[in-house]
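What follows is a single structure, written as structure tokens, with notes after it.
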Amino acid sequence: MKTNRVLIIDFGGQYNQLIARRVRECGVYSQLKSFDGLQLSEVEEFGPSGIIFTGGPRSVYGEGAPTVPDGIFRLGVPILGICYGAQLMAHKLGGVIESAPTSEYGRTEVVIDDRKGLLQAAEPVNVCWMSHTDYISRPPEGFTVTAHTDDCPVAGMEDPRRKLYAVQFHPEVDHTEHGSEFLRRFVLDICGCRQDWKMDSFAEDQIALIREKVGGGKVLLALSGGVDSSVAAALLSRAIGTQLTCVFVDHGLLRKNEAQQVADIFGPAGQFDLNFILVDAAQRYYQKLAGVTEPEAKRKVIGEEFIRVFEEEAKKIGRVEYLAQGTIYPDVIESGLGSSAVIKSHHNVGGLPDHVDFREIIEPLRMLFKDEVRQLGRELGLPEELVSRQPFPGPGLGVRIIGEVTEEKVRVVQDADAIYREEIAAAGLAGSISQYFAALTNMQTVGVMGDFRTYDYAIALRAVKTSDFMTATAAEIPWDVLQKVCTRIVNEVDHVNRVFYDLTSKPPGTVELE
Ligand code: XMP
């Protein structure tokens, strides 16, 4: 029996989760399954309304090349092949694949020959994203060519009678013009899926999976107060209640009132059923950081101390079977972990203990992109302030205080940062800047206040726009807003007599100052 969902057969391409995301954006449930060991009976049991073959790094003629179960084309289910998936479809059905005389990578102009089927939304010459060295030189019988390029005779082919569609380019990436519409056309019009999948279905599915996996076991989560670990905590709490213990380490390098806000949401007075342990490790951190000035040395101290504190707490709880993490899909890509790679401690909670005694890691957000995580957080009832929070580095204000960290400097930067954030929000700019914060330069300058000479700290304001944090430009904040922030910081924060605005892009700068 057909259910309302799309099966994505994974051949190891780098954009595969993005395909799943695009299908979710159509309001349709999708699931990735590796080609490896996939049986026809499993496909039938899944009962897909449509199947997508992903891209992948291999050649169909290579030894042990990824393939699909025989008989899949006879199921009568619409199939879309993308890149390697397109070549595999052609190969299995009697077409010819060859090594392309000219490989195509990146932006490519694709001439559309037929817009009746999948490519209905295309421009006559549609800009697409390509990444291939083999190509289909002759499509199988029954297929018509729907698109080509100067270097690729079959950039698209289809056999509508058998509901088989293929594109050599990647419709799932942003750079492909109308790419989402091609996928939408496949999922909604060709497969006839209903749009009945929402983020709350994701939550329900995950809750069921977590319950099944964990049984009566205990789960430990290092809660940082950031969006990802908070959403993971909310989801796990809904699934297993007090079998979950969240450890929140206040390292004294958090933003103003942040520890309190996290405690209000996840502590005993909050809305979630879980065990919450707040560890006030601030003094311990300040002692460890005394005299440490070199940025990497500071990061190391902060990371190591985190592990130590976390381990101490874990020991008190006793054996836990599972360690949960708020790893999201971009973290998985950055760490170079494929779906079948060995899961190991991840960096996004500031480094994790290797020798805490646990059996397995649970990462319920592994499939999601950042904006989807925020959406899930809203579904789970987390306050908007937390859900839309900008990124905050694991080492916290430690990398926003240049040179030695002291309790006094932390207070100065917390107060200045709180004013900055307040004014950015009041000016309605918060949503248009990717990340903004105040940092404390390791510099004192001469000033005059009242009739007195001052010799006080200089604050640096930073604000950047970026889509991936790999490159960034300084945000253009209106002059009057900057002036107001400057005046308020100098007037309201003790020991600050000067404010700078950082105009540096990344590269050559980085987002954080250390
Ligand atoms: P940079 O300074 O490297 O920052 O340009 C890029 C993004 O990463 C964040 N960042 C960190 N996040 N642990 C984290 O979890 C870290 O050690 C760390 N260092 C930088 C930074 O806030 C920005 O969003």
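Position 1 is the first residue of the sequence; numbering continues from there. Just follow the structure's listing: the first ligand is 1, and inside any ligand the first atom is 1. When reading the values below, keep in mind they use all heavy atoms of this one structure, side chains included, and skip hydrogens, waters and symmetry mates.
- Shown in contact with Lys506 at under 4.0 Å from a heavy atom are these atoms of ligand 1, numbered in order with element: 1 (P), 3 (O), 5 (O), 6 (C).
- Contacts of Pro393 with ligand 1, taken as heavy-atom pairs under 4.0 Å, involve both backbone and side chain.
- Counting heavy atoms from C-beta on, the side chains of Glu313 and Val279 come closer than 4.5 Å.
- The closest heavy-atom contact to atom 4 (O) of ligand 1, among the options Val511, Ile302, Val399, Leu513, comes from Val511.
- Considering backbone and side-chain atoms alike, Phe392 places every N or O at 3.5 Å or more from each N or O of ligand 1.
- Of the listed residues (Gln390, Gln435, Arg299), the one carrying the non-hydrogen atom nearest atom 19 (N) of ligand 1 is Arg299.
- The closest donor-acceptor contact from the side chain of Asn257 to the backbone of Ala259 lies at 3.5 Å or more, if one exists at all.
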CA sep, side-chain torsions, deciding dist, call: Arg389, Gln261, side chain to side chain donor-acceptor pair (under 3.5 Å):
CA-CA 12 Å; Arg389 194 168 261 187; Gln261 283 165 5; 3.0 Å; yes
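- The atoms of ligand 1 that sit less than 4.0 Å from any heavy atom of Thr510 are 1 (P), 2 (O), 5 (O).
- Two rings, from His251 and Tyr285, have their centers less than 6.0 Å apart.
- At a 3.5 angstrom cut-off on N or O pairs, Arg400 does not count as close to ligand 1.
- Looking at Lys300, Arg284, Gln287 one by one, the single match for side-chain hydrogen bond (donor to acceptor under 3.5 Å, both in side chains) with Glu305 turns out to be Arg284.
- For the side chain to side chain contact (heavy atoms under 4.5 Å, CB included) criterion with Ile52, the lone passing option out of Leu7, Val6, Leu32 is Val6.
- Counting heavy atoms under 4.0 Å from ligand 1, residue Ala472 does not touch it at all.
- Not one N or O on the side chain of Asp205 forms a donor-acceptor pair closer than 3.5 Å with the backbone of Phe202.
- Less than 4.0 angstrom separates some heavy atom of Pro395 from each of these atoms of ligand 1: 13 (N), 16 (C), 17 (O).
- Assignment of Glu514 to the shell around ligand 1 is not supported, since no heavy atom sits closer than 4.0 Å.
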